[in-house]
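Following: one structure in structure tokens, then a few remarks.
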Amino acid sequence: MKVEPNIPGVSKEEALALLRYMADHSDHHAEELRETVPALGEKAAAALGEAIALLQQSAAKIRQAIAETEA
């Protein structure tokens, strides 16, 4: 699937920098969520575990896109 940029005037380098930031930011939020788990109940912890996994998967997919763009 070809994705066209929707932000006029953004260079490939700027887009890649933004993607790197987004991947790092997702990792950061996953870590913040992980730190909250001990203070919550079992049901909340299970839901947060899923959210953490999704954030980590998102960051991995973003990094995959970066790698494929740079290849």
Rounded to the nearest 0.5 Å, the CD atom of Glu14 sits from the CG atom of Leu18 at a distance of 9.5 Å
Between Tyr21 and His25, what is the ring plane arrangement, given parallel below 30°, perpendicular above 60°, and tilted in between? parallel
When rounded to the nearest 0.5 Å, the distance separating NE2 of His28 from CG of Leu33 is 10.0 Å
Judged by atom type as modelled, is there a donor-acceptor pair below 3.5 Å linking the side chain of Ser58 to the main-chain atoms of Leu54? no
Once rounded to the nearest 0.5 Å, what's the spacing between atom CG of Leu48 and atom CZ of Arg34? 11.0 Å
Are the side chains of Asp27 and Arg63 in touch, meaning some heavy atoms are under 4.5 Å apart? yes
Could you grab the distance from atom CD of Glu31 to atom OG of Ser26, nearest 0.5 Å is fine? 13.5 Å
What's the separation between atom CE in Met22 and atom CD1 in Ile62, rounded to the nearest 0.5 Å? 5.0 Å
Between Ala15 and Val10, what is the shortest heavy-atom contact and its length? N-CG1, 3.8 Å
One should read off an interatomic distance between Leu19 CG and Asp24 CG, to the nearest 0.5 angstrom, of 11.0 Å
